[in-house]
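Below is a structure I'd like to ask you about.
Letters A, B, ... mirror the listed sequences (proteins, then strands); counts begin at 1.
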Protein chains: 2
Amino acid sequence: MNPPGDRLEAMLGWLRHAGCRITPQRLEILKVLAVSEGHPSAETIHQRVATHFPTMSLATVYKTLAVLKTAGQVLELEFSDRDNRYDGNRPEPHPHCICQGCGAILDPDLTSLDALASLAARQTGFRIQSLRLDFYGLCPACQARRAAASGNKPA
Amino acid sequence: MNPPGDRLEAMLGWLRHAGCRITPQRLEILKVLAVSEGHPSAETIHQRVATHFPTMSLATVYKTLAVLKTAGQVLELEFSDRDNRYDGNRPEPHPHCICQGCGAILDPDLTSLDALASLAARQTGFRIQSLRLDFYGLCPACQARRAAASGNKPA
DNA sequence: CTATATGCAAATCGTTTGCACCTTA
DNA sequence: TAAGGTGCAAACGATTTGCATATAG
């Protein structure tokens, strides 16, 4: 849903700015992520890149993903019972519909978050059975701790 | 926030109905879950129960949790980068605030889900940096597949 | 009595790490 | 050529599983 070139350029730009090198393998990983539909796993990304680089290792994929994660250039969907999924196409946090039958991951298009479950169900045809809504951030104690640690300089 | 006895009775009732046996170890696990504040991990549950049953194994905790999960009597919060957390006190899905600093898990009290991030932030004092909103259910294809498999009998 | 639970140890499996060898800039 | 990346293999760690023994009902 994103002009693929935009996302690729954004990722490349960030890496260059951070002083990272653009290797052929890395470029290929970025390309796969930039057009990622269906929230691929690290394994899937590896397989696709391996088409062009038979020696490519899974570890390299994970290492590149780690860099992009901290950069906010890729969204990681964590699971404990199956492999994590990645979205380089829409790296901002957004709601997902996850099928408990086949594992498919869809993006409901909720402009506001008000509508929520019923809207998501209507749009995707999902029969929603449960949901997961997590907020990630810093609790008051950690905010204070961090502020103190950085000598009152805001992040 | 729940009358502890209620939750304990609910879990016990379900287990009995399902033909499960109430062993002393299991009863102790249920008690820990029924009063669980702070979303304990399997490890934490094990440690607490081990106070009364020194021979108690972690595997037994996991096995009991598995039964309760399928019964909907305990809520599992899955993570890939750390151990899962469990809530036997409020087994229905509900939003959480997860501190990226110390890992604390709080329950914001959102009567409606409209308010969302800003309300959660105001209530808990969290500085919210990202969120996770997942809907779990069945996609249209799997609904059809399941309906066909069960001979048109609805679940 | 008999189906079920316990608890130990070993297996799983996605992910991470160490390290020697390459490559980009 | 120096900082950084690659890729192999080994390590990790939470969770699961197999199986012999114990026990609830």
Identify, between B:P54 and B:G19, the residue whose nearest nucleotide on DNA chain C lies closer to the 5' end.
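The residue mapped nearer the 5' terminus is B:G19.
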Nearest whole Å is fine: how far is D:dT6 C1' from A:L65 CG?
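In whole Å, D:dT6 C1' lies 15 Å from A:L65 CG.
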What is the nucleic acid contact for B:R26, judged by heavy atoms within less than 4.0 Å: base, sugar-phosphate only, or nothing?
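It contacts sugar-phosphate atoms only.
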Once you round it to whole Å, what is the distance between P of D:dA14 and OH of B:Y86?
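In whole Å, D:dA14 P and B:Y86 OH are 12 Å from each other.
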Nearest-0.5 Å distance, CH2 of residue B:W14 to CG of residue B:L30:
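Those atoms lie 11.5 Å apart.
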Protein-nucleotide distance (B:L27, atom CG; D:dA24, atom C1'), rounded to Å
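Distance check: B:L27 CG to D:dA24 C1' gives 13 Å.
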NA contact type, A:N84, heavy-atom cut-off 4.0 Å: base, sugar-phosphate, or nothing?
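Answer is sugar-phosphate: A:N84 comes under 4.0 Å of backbone atoms only.
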Need one value for A:Q25: base, sugar-phosphate or nothing, where a base atom within 4.0 Å counts as base even if backbone is also close, heavy atoms only.
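The residue A:Q25 makes sugar-phosphate contact but no base contact.
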Considering heavy-atom distances to DNA chain C, does B:S80 or B:S57 have its closest nucleotide positioned more toward the 5' end?
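Looking at DNA chain C, the more 5' nearest nucleotide goes with B:S57.
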Sequence neighbours excluded, which residues qualify as side chain to side chain contact (heavy atoms under 4.5 Å, CB included) partners of B:R82?
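Per chain and number, B:R82 pairs via side chain to side chain contact (heavy atoms under 4.5 Å, CB included) with B:F79, B:R85, B:I98, B:I105.
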Spacing of B:H46 atom NE2 relative to C:dT6 atom C1', expressed in whole Å
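Rounding to the nearest Å, NE2 of B:H46 and C1' of C:dT6 are 11 Å apart.
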Choose from D:dT15, C:dG7, C:dT15 the nucleotide whose nearest atom is closest to any side-chain atom of B:T60.
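Nearest to the side chain of B:T60 among the choices is C:dG7.
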Which atom pair, heavy atoms only, marks the closest approach of B:N89 to B:A34?
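Scanning both residues completely, I find the closest heavy atoms to be OD1-O, 3.3 Å.
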Criterion side chain to side chain contact (heavy atoms under 4.5 Å, CB included) against B:M11, the qualifying member of B:I22, B:L33, B:L27
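Between B:M11 and the candidates, side chain to side chain contact (heavy atoms under 4.5 Å, CB included) is satisfied uniquely by B:L33.
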Side chains of B:L77 and B:D87: closer than 4.5 Å at any heavy-atom pair?
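Of all side-chain heavy-atom pairs linking B:D87 with B:L77, none is under 4.5 Å.
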Who are the side chain to side chain donor-acceptor pair (under 3.5 Å) partners of A:Q73, not counting sequence neighbours?
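If we apply the side chain to side chain donor-acceptor pair (under 3.5 Å) test to A:Q73, skipping adjacent residues, the hits are A:R7.
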Terminal axis angle for the helix from C:dC1-D:dG25 to C:dA25-D:dT1, five pairs an end, nearest 10 degrees
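Between the axes fitted at each end of the helix from C:dC1-D:dG25 to C:dA25-D:dT1 lies an angle of 40°.
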Nucleotide by nucleotide, nucleotides 17-25 of chain C touches protein heavy atoms under 4.0 Å in the pattern (B base, S sugar-phosphate only, - none) BB----BBS
If you pin A:T64 and B:A66 to their nearest nucleotides in DNA chain D, which one's is more 5'?
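Closer to the 5' end of DNA chain D: A:T64.
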Rounded distance (nearest 0.5 Å) linking atom CZ of B:F53 with atom OG1 of B:T23
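Between B:F53 CZ and B:T23 OG1, I get 7.5 Å after rounding to 0.5 Å.
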In chain order, what residues pass the side chain to side chain donor-acceptor pair (under 3.5 Å) check against A:K63, with sequence neighbours excluded?
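Expected list: none.
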Applying side chain to side chain donor-acceptor pair (under 3.5 Å), can you list everything that pairs with B:T44, at least two apart in sequence or on another chain?
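With sequence neighbours excluded, B:T44 shows a side chain to side chain donor-acceptor pair (under 3.5 Å) to B:S41, given in chain and number order.
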